[in-house]
Amino acid sequence: QVQLVESGGGLVQAGGSLRLSCAASGRTFSSYAMGWFRQAPGKEREFVAAINWSGCNTYYTDSVQGRFTISRDNDKNTVYLQMNSLKPEDTAVYYCAASNRPMVVAGVDYWGQGTQVTVSS
């Protein structure tokens with residue numbers, strides 16, 4: 001079992017930055033692929049970014065490529081999402097995800113509770 005707790009969301013103006021953190025419980029964090037998804041009001045949850053167990057491989061949805069960076073610290077059982085040049089369309093609840101597969105895009109086994117990100121224009 002893995003429990004995921006997100007933090008770092010908030011209100012920011014367009015063009016600003018935020019860093020989300022996701023702290024994971026358990027001693028096997030380094031064996032999980034991790035990722036971030038988001039869900040805007042009235043829309044389905046969508047993939048944002050993924051990172052493999054070692055941190056060597058990352059993958060992004062096109063709309064955040066070049067603006068967001070996913071990283072992980074296996075010693076701290078934490079995955080991060082650095083979000084720069086934020087746009088109003090980035091407004092959503094952001095969810096941390098963990099997977100037993102090579103990448104979360106292949107399937108998610110654990111979800112966090114979500115953290116709200118609001119970008120004002």
Side-chain angles (χ1 to χ4, degrees):
Q1 282 283 346
V2 175
Q3 291 187 328
L4 305 173
V5 179
E6 303 98 331
S7 62
L11 174 64
V12 64
Q13 289 188 331
S17 298
L18 281 175
R19 188 175 83 154
L20 304 183
S21 299
C22 173
S25 65
R27 295 180 293 176
T28 59
F29 173 76
S30 61
S31 67
Y32 288 93
M34 300 296 296
W36 292 92
F37 291 72
R38 66 186 179 186
Q39 188 167 17
K43 295 187 177 181
E44 293 186 353
R45 191 172 299 188
E46 65 173 358
F47 166 76
V48 176
I51 189 166
N52 75 327
W53 69 272
S54 69
C56 291
N57 295 321
T58 58
Y59 181 62
Y60 301 91
T61 192
D62 287 347
S63 62
V64 308
Q65 183 76 45
R67 299 188 298 122
F68 290 11
T69 302
I70 188 171
S71 62
R72 68 189 295 162
D73 186 335
N74 287 342
D75 290 334
K76 296 183 178 179
N77 283 11
T78 303
V79 62
Y80 305 97
L81 185 67
Q82 178 67 43
M83 306 186 293
N84 298 329
S85 302
L86 283 161
K87 304 176 181 180
E89 50 264 43
D90 294 318
T91 294
V93 176
Y94 283 70
Y95 296 91
C96 180
S99 176
N100 287 305
R101 301 160 184 81
M103 278 291 196
V104 294
V105 291
V108 175
D109 295 291
Y110 302 100
W111 291 100
Q113 83 288 350
T115 186
Q116 176 70 47
V117 172
T118 302
V119 184
S120 63
S121 58

Could you give all pairs that pass the salt bridge (Lys or Arg N to Asp or Glu O under 4.0 Å) test and reach residues 90-100, with sequence neighbours left out?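 Counting only pairs at least two positions apart or across chains, the salt bridge (Lys or Arg N to Asp or Glu O under 4.0 Å) contacts touching residues 90-100 are Arg38-Asp90, Arg67-Asp90.
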Pairs where residues 99-121 contributes a residue and the test salt bridge (Lys or Arg N to Asp or Glu O under 4.0 Å) is met, not counting sequence neighbours: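 Non-adjacent pairs meeting salt bridge (Lys or Arg N to Asp or Glu O under 4.0 Å): Arg101-Asp109.
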Has Arg72 got its NZ or CZ under 6.0 Å from the middle of the six-membered ring of Tyr32, at an angle within 45 degrees of the ring axis?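 No, a cation-pi geometry is absent between Arg72 and Tyr32.
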With a 4.5 Å cut-off on side-chain heavy-atom distances among I, L, V, M, F, W and Y, is there a chain of contacts connecting Leu81 to Trp53?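 No; tracing contacts between hydrophobic side chains, which count when under 4.5 Å, never links both residues.
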Is Tyr80 reachable from Ile51 through a run of I, L, V, M, F, W or Y residues, each pair having side-chain heavy atoms under 4.5 Å apart?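 Result: no, two separate clusters.
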Distance from [X] atom [atom1] to [Y] atom [atom2], nearest 0.5 Å?
{"X": "Ser25", "Y": "Asn77", "atom1": "OG", "atom2": "CG", "value": "8.0 Å"}
{"X": "Asp75", "Y": "Ser30", "atom1": "CG", "atom2": "OG", "value": "9.0 Å"}
{"X": "Gln1", "Y": "Thr28", "atom1": "CD", "atom2": "OG1", "value": "10.5 Å"}
{"X": "Ser63", "Y": "Lys87", "atom1": "OG", "atom2": "NZ", "value": "8.0 Å"}
{"X": "Gln82", "Y": "Ile70", "atom1": "CD", "atom2": "CD1", "value": "12.0 Å"}

More than 12 heavy atoms of other residues, nucleotides or ligands under 6.0 Å from CD of Gln39: yes or no?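 More than 12 heavy atoms, drawn from other residues, nucleotides or ligands, come within 6.0 Å of this atom.
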Please give me the minimum heavy-atom distance between Trp36 and Val79, naming the atom from each residue.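 Heavy atoms only, the tightest pair is CZ2-O, 3.9 Å.
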Nearest heavy-atom pair of Pro102 and Ala33: which atoms, and what distance?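 For Pro102 and Ala33, the tightest heavy-atom pair comes out as O-CB, 3.4 Å.
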Using a 4.5 Å cut-off on heavy atoms from C-beta on, say whether the side chain of [Y] contacts that of [X].
{"X": "Phe29", "Y": "Val2", "value": "no"}
{"X": "Thr61", "Y": "Phe68", "value": "no"}
{"X": "Met83", "Y": "Val12", "value": "no"}

Output side-chain donor-acceptor pairs under 3.5 Å for residues 114-121, partner residues at least two apart or in another chain, one line each.
| from | atom 1 | to | atom 2 | distance (Å) |
| --- | --- | --- | --- | --- |
| Thr115 | OG1 | Gly9 | N | 3.3 |
| Gln116 | NE2 | Ala92 | O | 3.4 |
| Gln116 | NE2 | Thr118 | OG1 | 3.3 |

What pairs of residues pass the disulfide bond (SG atoms under 2.5 Å apart) test when at least one of them lies in residues 12-93, not counting sequence neighbours?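 Pairs touching residues 12-93 that pass the test: Cys22-Cys96.
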Apart from Val5 itself, what residues make up its hydrophobic cluster, given side-chain heavy atom links below 4.5 Å?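 For Val5, no cluster forms, as it stays isolated from other hydrophobic side chains.
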Fellow cluster residues of Tyr95, listed by chain then number, with links counted only when side-chain atoms sit under 4.5 Å apart: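 Under the 4.5 Å side-chain rule, Tyr95 groups with Phe37, Phe47, Tyr59, Val93, Met103, Val104, Val105, Val108, Trp111.
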Quick one: does Thr78's side chain have a donor or acceptor within less than 3.5 Å of a partner on Asp73's backbone?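 Flag not set: sc Thr78 to bb Asp73 has no pair under 3.5 Å.
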